[in-house]
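Since the structure comes first, as structure tokens, the remarks are kept for the end.
Values below: all heavy atoms of this structure, side chains included; hydrogens, waters and symmetry mates excluded.
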Amino acid sequence: MNITTEFPYETTHEDVYIPLPDGTRLYARIWRPLTEEPVPALLEYLPYRLSDWTAPRDWQRHPWYAGHGYASVRVDVRGHGNSEGLPGDEYDARELEDGVAVIHWLAQQEWCSGRVGMFGISWGGFNSLQIAALAPEPLKAIVTVCSTDDRYDNDVHYMGGSVLAVDMHAWAATMLAFVCRPPDPAQVGEGWKEMWLKRLEAVDPFIHTWLAHQSRDAYWTHGSVCEDYGAIKAKVLAVGGWHDPYRDTVLRLVEHLDPEQVRGLIGPWSHQYPDRGLPPGPAIGFLQETLRWWDQHLKGQETGVMREPLLRSWISGSHPPATVYETLPGRWVGDASWPSENVAPVAYALQGGERIVASPQQTGVDAGRFFPFGNDADLPPDQRDEDAKSVSFEFPVADAPIEILGRPRVKLRLRMDATRGQAIARLCDVAPDGSSTLVTRGVLNLAARHGRDRTDPWPPGETEDVVFDLNGIGHTFPPGHRIRLAVSSSYWPWIWPQAGSAGFTLDADGSFVELPVRRHTEDPAITFGEPEQSEPLGVVHPVTLEEPRPERLVVRDVAQGEWRLEVDPRYGGTRVYPDGLEFTEDALETYTIQQDDPLSARTRSDWRIRLHRPEMAWDVEIETRSEIAADDQDFITSNEVVCKDGGEVVFHRTWEKRIPRTAG
């Protein structure tokens with residue numbers, strides 16, 4: 001990592017409030033170059049608290065952009081951080097309308113040239129795309145990282161029409177804790193507590209809304225830019241990582257947007273900006289790459305960025321299974337179009353007649369984290385145990401490597417005696433020593449086989465062909481290895497189990513897997529600089545003598561047939577900021593299931609957050625508990641929030657709710 005201290009421009013920064021048409025003010029931090037000439041503005045717009053939670057990351061990039069001639073602006077969403085107003089649902093209409101208003105405000109400032117760009121990762125990448133689809137005139141270009149164009153089928157809520165237990169639960173629980181954090185009196189003054197209590201009265205757990213919409217309906221189509229790609233007028237640089245769940249959005253954007261409007265970049269990364277150096281690498285000079293994008297589209301300079309291939313992708317070399325990789329083997333390739341002329345579908349027929357697929361309910365405990373962040377236990381370990389609980393088919397790689405790029409597809413001929421069920425397909429790279437590395441996977445709720453917007457119970461005893469895609473990937477299978485397709489009927493805790501499902505019969509002779517095989521090319525012209533950032537903020541992580549608990553711990557109760565997965569998401573622990581703020585957060589997620597009972601599935605998440613300013617005698621704590629269970633008719637949710645000021649409870653609320661199981 002190169003830390004830059006000298007820039008073309010000296011910079012300054014200030015915290016301001018941006019007024020909205022309804023009188024609400026959003027809290028913003030603006031870094032600007034010291035120049036008399038108006039400059040373009042760059043906006044990052046999030047609910048994640050610019051004064052503390054994202055501050056270390058913000059200081060890596062916003063001052064860097066300012067030093068290169070841009071006003072770089074970080075804004076907290078309404079009802080979060082130090083912004084006024086009440087919190088709403090994720091990406092709701094008000095959030096997007098506020099974002100449009102902020103863009104117009106920026107364009108009208110005397111220090112702004114009138115041209116605005118927008119960027120962000122995850123939530124900030126989402127609303128960059130969604131606001132671009134509203135086409136505010138000043139917004140000329142965006143950089144969207146680890147984001148989605150499809151809020152239903154490529155987000156944290158549902159996958160292949162199935163409830164994503166692991167992140168439907170975990171993210172709803174995380175946001176419940178996050179939304180309860182107070183404004184900071186160091187920024188907002190004595191009115192912080194009144195603001196906080198008003199916010200808390202408006203809180204409703206997201207899980208209630210998300211589980212109430214189990215099929216793709218108007219709730220999910222709102223904000224899903226795949227509904228109308230043509231609405232986007234800005235130039236789009238779409239960025240993803242093969243170890244991020246949102247990478248398929250990059251493939252869809254380069255396919256559906258005008259080639260003169262979009263470029264795609266997919267590396268080996270997890271759910272992180274590609275310059276941060278977190279596993280897996282290699283990291284790239286991402287800020288320099290985005291500067292080329294901004295200079296081209298906001299300053300009118302010819303940087304050559306539109307002469308790059310439409311899609312630049314990392315093709316990973318074969319690697320042994322591990323839960324973390326500092327750097328993956330592989331190389332960069334470029335494709336001038338998508339679908340690419342370099343990629344052709346190759347079908348591999350399954351063989352072996354009828355096979356019964358009836359996986360134990362704990363199949364999936366070695367799935368790894370849905371959102372890898374670069375932690376030591378994020379990625380899937382050796383898949384041999386998972387493969388043994390599945391029905392597998394293998395295809396030897398003979399004399400030449402087989403390179404794939406894109407989304408594999410399976411067609412499975414199934415017979416099922418129940419009305420409900422789900423099919424999970426995993427593609428693995430099996431080495432000569434038998435070790436099995438997960439390459440990619442896909443899921444289908446069999447009730448969603450005719451469309452994610454409908455529910456069609458399976459006719460008991462009937463045989464049907466179902467087709468579904470696996471997540472996109474770039475990977476090379478070397479000679480001497482075997483390509484393994486593993487099919488299971490359960491995948492806990494990623495996928496919430498279907499009540500009454502006992503698996504299905506797979507007719508292998510009527511089934512196949514189709515791989516997107518790419519012809520080998522050498523693309524030495526695709527290169528990137530070394531990662532570069534501005535000086536770090538200087539946050540201190542105090543040393544503790546406490547033994548850290550495992551990131552992922554699997555516990556098996558042999559006598560009871562129960563499996564428990566405990567996950568520490570490792571969001572940050574305790575840190576002390578240069579202004580004296582002490583910020584502590586601790587979370588534990590627990591997933592339990594009995595191996596023979598789909599109705600035994602349970603999730604629980606416990607959060608504790610403390611914000612402390614010793615010099616102001618300010619000390620607040622937030623504790624939350626979130627649980628989900630289910631019977632054959634309903635999801636059963638339970639949530640609790642306790643907030644304390646100086647040790648005194650100032651807010652305590654519980655929610656108990658039953659939500660009918662429809663598609664889920």
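Checking side-chain atoms of R78 against main-chain N and O of S83 turns up no donor-acceptor pair under 3.5 Å. E656 places no side-chain N or O within donor-acceptor distance of the main-chain N or O of N639, the cut-off being under 3.5 Å. Although no hydrogens or angles enter the test, the distance criterion places no donor-acceptor pair under 3.5 Å between the side chain of T363 and the main chain of S359. Put simply, the side chain of Q214 gets close to the backbone of L211: a donor and an acceptor are under 3.5 Å apart. A donor-acceptor distance shorter than 3.5 angstrom exists from the side chain of T144 to the backbone of G125, with no hydrogens or angles considered. No donor-acceptor pair closer than 3.5 Å links the side chain of T148 to the backbone N or O of Y246.
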Take F119 and Y273 through the side chain to side chain contact (heavy atoms under 4.5 Å, CB included) test and state the conclusion after the steps. CA-CA 11 Å; F119 72 93; Y273 277 121; 3.5 Å; yes
Before giving the answer on side chain to side chain contact (heavy atoms under 4.5 Å, CB included), spell out for Q272 and R57 the whole-Å C-alpha distance, their side-chain angles and the decisive distance to 0.1 Å. CA-CA 10 Å; Q272 296 285 358; R57 190 181 78 189; 5.6 Å; no
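Tested against H157 for a side-chain hydrogen bond (donor to acceptor under 3.5 Å, both in side chains), the candidates H213, E90, R151 yield a single pass: E90.
In this structure, Y91 has its ring center no closer than 6.0 Å to that of W220. For W59 and H13, the ring centers sit closer than 6.0 Å to each other. Here the two rings, on W123 and W171, have centers that are 6.0 Å apart or farther. A centroid separation of 6.0 Å or more is found between the aromatic rings of W563 and Y591.
Comment: D376 does not engage R570 in a salt bridge, judged by the lack of any side-chain N to carboxylate O separation of less than 4.0 angstrom. Between K198 and E84 no salt bridge is recorded (no basic side-chain N to carboxylate O distance below 4.0 Å). A salt bridge does not link R625 to E623: none of the charged nitrogens lies less than 4.0 Å from a carboxylate oxygen. A salt bridge between R61 and D275 is present, with a side-chain N of the basic residue lying under 4.0 Å from a carboxylate O of the acidic one. Using a 4.0 Å cut-off between charged nitrogen and carboxylate oxygen, K193 and D645 count as a salt-bridge pair. A salt bridge links E585 with R575: the distance from a Lys NZ or Arg NE/NH1/NH2 to an Asp or Glu carboxylate oxygen falls below 4.0 Å. A salt bridge links R74 with D76: the closest approach of a Lys/Arg side-chain nitrogen to an acidic carboxylate oxygen falls below 4.0 angstrom. With salt bridges taken as basic N to acidic carboxylate O contacts below 4.0 Å, none links D244 and R247.
Remark: the N127 side chain and the E95 side chain contain an N/O donor-acceptor pair separated by less than 3.5 Å. Side chain to side chain, N445 and Q498 meet the donor-acceptor criterion of an N or O pair below 3.5 Å.
For D586, the side chain to side chain contact (heavy atoms under 4.5 Å, CB included) partners at least two apart in sequence or on another chain are R549.
Below 30°, between 30° and 60°, or above 60°: for W496 and W492 the angle between ring planes is above 60°, a perpendicular geometry.
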